[in-house]
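Just below is one structure, and these are the notes that go with it.
Heads up: numbering here begins at 1 and tracks the sequence.
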Amino acid sequence: VSGAVLLERERLTSGTTWHTAGLLWQLRPSDVEVELLAHTRRVVSQELEKETGLHTGWIQNGGLFIASNRQRLDEYKRLMSLGKVYGVESHVLSPAETKTLYPLMNVDDLYGTLYVPHDGTMDPAGTCTTLTRAAAARGAQVIENCPVTGIHVRTDDFGVRRVAGVETEHGSIQTPCVVNCAGVWASAVGRMAGVKVPLVAMHHAYVVTERIEGIQNMPNVRDHDASVYLRLQGDALSVGGYEANPIFWEEAVKSRTRAAGGLRLKTSTVKGYTLWSDDLRRA
Ligand SMILES: Cc1cc2nc3c(=O)[nH]c(=O)nc-3n(C[C@H](O)[C@H](O)[C@H](O)COP(=O)(O)OP(=O)(O)OC[C@H]3O[C@@H](n4cnc5c(N)ncnc54)[C@H](O)[C@@H]3O)c2cc1C
């Protein structure tokens with residue numbers, strides 16, 4: 001990373017990262033994702049700590065996928081086989097075995113579960129700090145409060161458009177290479193170079209419960225049919241859901257009110273009610 005410069009318009013983690021649930025599930029239907037996630041897990045749980053001496057905040061509490069129908073259980077069996085190829089340990093559990101692992105769970109309507117013991121939860125701020133420390137030690141530079149305002153592009157002798165530099169509020173940097181990692185703002189940064197970024201952002205929310213006796217050390221839970229996840233948060237749960245009728249970024253921006261340093265949605269735009277019906281059945 002020597003010579004790399006990270007330009008952040010505010011402070012690191014001030015984008016989506018600071019409020020992520022931080023769930024890391026290694027088993028996904030695509031083999032590229034499985035490899036990428038297994039690699040990320042290694043970096044966050046071992047390599048960064050070895051390299052920097054700092055703990056990233058990684059918690060290895062495991063992950064549990066819920067199958068509430070036979071087809072879903074078949075899919076999880078296929079995921080388990082895929083995991084074997086890439087060295088990701090997983091186990092298909094019966095409802096009774098699931099109850100033993102997670103005594104608080106209602107398993108009456110389950111066909112089974114997929115348990116991945118080495119899944120876990122990332123701490124966004126801790127991971128970011130440790131990554132920054134490791135990158136700086138290898139010669140990278142992080143410049144905060146430095147918004148990118150433009151990207152210089154020139155056309156070479158063969159008619160190919162190439163990046164030539166980056167404009168910021170505090171000066172410009174000449175470079176032939178730009179990595180656009182602006183998250184939900186990536187489309188705006190892409191437009192600076194005349195590039196269309198096919199990314200659609202949508203509003204996502206989770207609810208944090210009060211203390212639940214006996215929930216400590218339980219795995220994170222994902223119920224794909226109910227479109228919800230339960231994330232262990234100390235001795236409570238964060239309960240998040242994916243809406244069938246999501247609010248897209250443009251709509252969310254229209255209804256936003258500026259809070260100190262962040263984006264706050266008016267409560268009227270938070271469609272929390274669809275989260276609850278399926279989810280409370282499980283918790
Ligand atoms: C509630 C919630 C729960 C989530 N849960 C999970 C989960 O469990 N597991 C999971 O894997 N993912 C989860 N995600 C998604 C995850 O948080 C994001 O994918 C991830 O944080 C994106 O990181 P990023 O670095 O790409 O973007 P960001 O963290 O948004 O970083 C982009 C940065 O670019 C900066 N920027 C923008 N424009 C400019 C500019 N012109 N110049 C300079 N800098 C600029 C911003 O200030 C920002 O800091 C969740 C997201 C939310 C909202």
Mind running side chain to side chain contact (heavy atoms under 4.5 Å, CB included) on Val148 and Met192 for me, showing each step along the way? CA-CA 9 Å; Val148 172; Met192 294 177 189; 3.9 Å; yes

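- In this structure, Ile151 CD1 and Ile173 CD1 are separated by 11.5 Å, a value rounded to the nearest 0.5 Å.
- The backbone N or O of Met105 lies less than 3.5 Å from a partner atom in the side chain of Lys99, making a donor-acceptor pair.
- Atom CD of residue Gln141 and atom OG1 of residue Thr132 lie 12.5 Å apart, to the nearest 0.5 angstrom.
- Judged purely by distance below 3.5 Å, without hydrogens or angles, the side chains of Tyr86 and His39 never pair a donor atom with an acceptor atom.
- The shortest distance between side-chain heavy atoms of Ser94 and Glu97 falls below 4.5 Å.
- With sequence neighbours excluded, the residues satisfying ring-ring contact (aromatic ring centres under 6.0 Å, His included) with Trp25 are Phe65.
- Residues Pro117 and Glu89 are in side-chain contact: their nearest non-hydrogen atoms beyond the backbone lie under 4.5 Å apart.
- For the atom pair OG1 of Thr209 and CG of Leu237, the computed distance is 4.5 Å after rounding to the nearest 0.5 Å.
- Trp58 is not connected to Met218 by any chain of hydrophobic side-chain contacts under 4.5 Å among Ile, Leu, Val, Met, Phe, Trp and Tyr, and they are in different clusters.
- Taking all atoms of both residues into account, the shortest heavy-atom contact from Tyr76 to Arg222 is OH-O, 4.5 Å.
- Not a single donor-acceptor pair under 3.5 Å links the side chain of Asp235 to the backbone N or O of Arg211.
- For the pair Arg9 and Trp185, the cation-pi test (distance below 6.0 Å, angle within 45°) is passed.
- With rounding to the nearest 0.5 angstrom, the OG atom of Ser90 is 5.0 Å from the CG atom of Leu114.
- Side-chain heavy atoms closer than 4.5 Å link hydrophobic residues (I, L, V, M, F, W, Y) into clusters, and following such links, even through other members, never connects Leu54 to Val43.
- For the atom pair Glu8 CD and Cys128 SG, the distance stands at 8.5 Å (nearest 0.5 Å).
- Leu6 approaches Cys181 most closely through the heavy-atom pair CD1-SG, 4.2 Å.
- No chain of hydrophobic side-chain contacts below 4.5 Å, direct or via other Ile, Leu, Val, Met, Phe, Trp or Tyr residues, connects Trp18 to Met122.
- Residues Pro124 and His19 are not in side-chain contact: their nearest non-hydrogen atoms beyond the backbone lie 4.5 Å or more apart.
- Summarising the geometry of Lys77 relative to Val92, their closest heavy-atom pair is CG-CG2, 4.0 Å, with the distance given to 0.1 Å.
- The only option from Leu79, Val116, Leu37, Leu82 that meets the side chain to side chain contact (heavy atoms under 4.5 Å, CB included) definition with Val88 turns out to be Val116.
- Between Asp225 and Asn69 there is a side-chain heavy-atom pair separated by less than 4.5 Å.
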Test side chain to side chain contact (heavy atoms under 4.5 Å, CB included) on Arg41 and Gln60; report intermediate values, then the result. CA-CA 10 Å; Arg41 188 196 150 278; Gln60 190 171 293; 3.0 Å; yes

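- By the 4.5 Å heavy-atom criterion applied to side chains, Val5 and Leu7 are counted as neighbours.
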Dump the intermediate steps for side chain to side chain donor-acceptor pair (under 3.5 Å) on Asn61 and Thr121, then the final yes or no. CA-CA 7 Å; Asn61 55 318; Thr121 317; 3.1 Å; yes

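- A 4.5 Å side-chain heavy-atom check between Asn145 and Arg11 finds at least one atom pair inside the cut-off.
- Between atom CD1 of residue Ile66 and atom CZ of residue Arg72 there is a gap of 11.5 Å, rounded to the nearest 0.5 Å.
- In this model, a donor atom of one side chain and an acceptor atom of the other lie less than 3.5 Å apart for Gln233 and Ser238.
- Across every non-hydrogen atom of Ile215 and Gly234, the tightest pair is CG2-O, 4.3 Å.
- Remark: the backbone N or O of Leu23 is not paired with any side-chain donor or acceptor of Arg231 at under 3.5 angstrom.
- By the 4.0 Å N-to-carboxylate-O rule, Glu47 lies too far from Lys50 to be salt-bridged with it.
- Judged by distance alone, with hydrogens and angles left aside, the side-chain atoms of Thr113 form no donor-acceptor pair with the main-chain N or O of Tyr115 at under 3.5 Å.
- Both Ile212 and Tyr102 sit in one connected hydrophobic cluster of ILVMFWY residues. Membership requires side-chain heavy atoms under 4.5 Å apart, directly or through other members.
- What you find for Ala182 and Val189 is that their closest heavy atoms are CB-CG2, 3.7 Å.
- Between the side chain of Asn220 and the backbone N or O of Leu232, at least one donor-acceptor pair lies under 3.5 Å.
- In this structure, the ring of Tyr229 has its center less than 6.0 angstrom from the ring center of His204.
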Evaluate side chain to side chain contact (heavy atoms under 4.5 Å, CB included) for Leu24 paired with Val44, printing each intermediate quantity in order. CA-CA 10 Å; Leu24 192 145; Val44 172; 5.7 Å; no

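- Formation of a donor-acceptor pair under 3.5 Å by the Asn217 side chain with backbone atoms of Pro219 is not found in this model.
- In this structure, a donor-acceptor pair under 3.5 Å is absent between the side chains of His118 and Gln26.
- Looking at Glu51, its side chain never comes within 3.5 Å of a backbone N or O of Leu48 through a donor-acceptor pair.
- Checked by atom type and distance alone, the side chain of Glu144 pairs as donor or acceptor with a backbone atom of Leu12 at under 3.5 Å.
- Looking at Ser172, its side chain never comes within 3.5 Å of a backbone N or O of Thr168 through a donor-acceptor pair.
- Val153 and Arg161 get closest at one heavy-atom pair: CG1-NH2, 3.7 Å.
- Formation of a donor-acceptor pair under 3.5 Å by the Ser227 side chain with backbone atoms of Asp223 is not found in this model.
- By the criterion of side-chain heavy atoms lying less than 4.5 angstrom apart, applied directly or through intervening Ile, Leu, Val, Met, Phe, Trp or Tyr residues, Leu27 is grouped together with Leu73 in one hydrophobic cluster.
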